[in-house]
Amino acid sequence: MKLFAFDFETFLISPYNQAPPIVCMSYSWGGEEPSLVHVCDRQFWLQLWDALTDPDTVMVASVV
């Protein structure tokens with residue numbers, strides 16, 4: 001089992017924008033060093049896809 005711990009940073013929440021777009025993601029996967037990747041970087045989508053489709057991965061989101 002691998003742990004994928006992640007947190008999304010978004011644009012500011014406003015009265016008419018309750019689900020603001022993602023700006024970047026910080027994550028650590030399987031005990032590796034933490035990383036930060038911007039949503040425009042292809043690596044963002046590759047890492048997220050790999051974590052979502054890996055049956056041995058447990059995803060943990062940080063909510064503040």
Side-chain angles (χ1 to χ4, degrees):
M1 177 178 76
K2 295 184 286 187
L3 185 66
F4 184 83
F6 67 99
D7 180 37
F8 293 131
E9 299 301 328
T10 65
F11 286 98
L12 295 176
I13 294 174
S14 61
Y16 300 105
N17 190 16
Q18 296 299 316
I22 297 170
V23 174
C24 63
M25 172 178 70
S26 57
Y27 69 95
S28 179
W29 194 5
E32 295 178 5
E33 287 291 317
S35 298
L36 178 69
V37 63
H38 194 273
V39 72
C40 292
D41 187 341
R42 187 170 187 264
Q43 193 65 27
F44 173 89
W45 300 103
L46 293 174
Q47 287 294 340
L48 196 54
W49 179 256
D50 287 347
L52 286 168
T53 58
D54 184 350
D56 295 326
T57 296
V58 174
M59 298 181 75
V60 179
S62 172
V63 180
V64 178

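Reckoned from all heavy atoms, side chains included, excluding hydrogens, waters and symmetry mates. On a predicted model such as this, the values are computed, not experimentally measured, just so you know.
In the hydrophobic clustering, where aliphatic and aromatic side chains (Ile, Leu, Val, Met, Phe, Trp, Tyr) are joined below 4.5 Å either directly or transitively, L3 groups with M1, V58, V60. Counting Ile, Leu, Val, Met, Phe, Trp and Tyr side chains that sit under 4.5 Å apart, directly or through other members, L12 stands alone, with no cluster partners.
W45 is not connected to V23 by any chain of hydrophobic side-chain contacts under 4.5 Å among Ile, Leu, Val, Met, Phe, Trp and Tyr, and they are in different clusters.
Shortest non-hydrogen contact noted between S28 and P34 is CB-CA, 4.2 Å.
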Name every donor-acceptor pair, under 3.5 Å, that has one atom in a side chain of residues 47-56 and the other anywhere in the protein, sequence neighbours excluded.
from : atom 1 : to  : atom 2 : distance (Å)
T53  : OG1    : W49 : O      : 2.8
D54  : OD1    : D56 : N      : 2.9
D54  : OD2    : K2  : NZ     : 2.8
D54  : OD2    : T57 : OG1    : 3.0

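Interatomic distance, I22 CD1 to C40 SG, rounded to the nearest 0.5 Å: 11.5 Å.
Residue pairs that meet the salt bridge (Lys or Arg N to Asp or Glu O under 4.0 Å) test with at least one member in residues 26-44, sequence neighbours left out, do not exist here. The list of ring pair (Phe, Tyr, Trp, His ring centres under 6.0 Å) pairs with a residue in residues 9-42, not counting sequence neighbours, reads F4-Y27, F4-W29.
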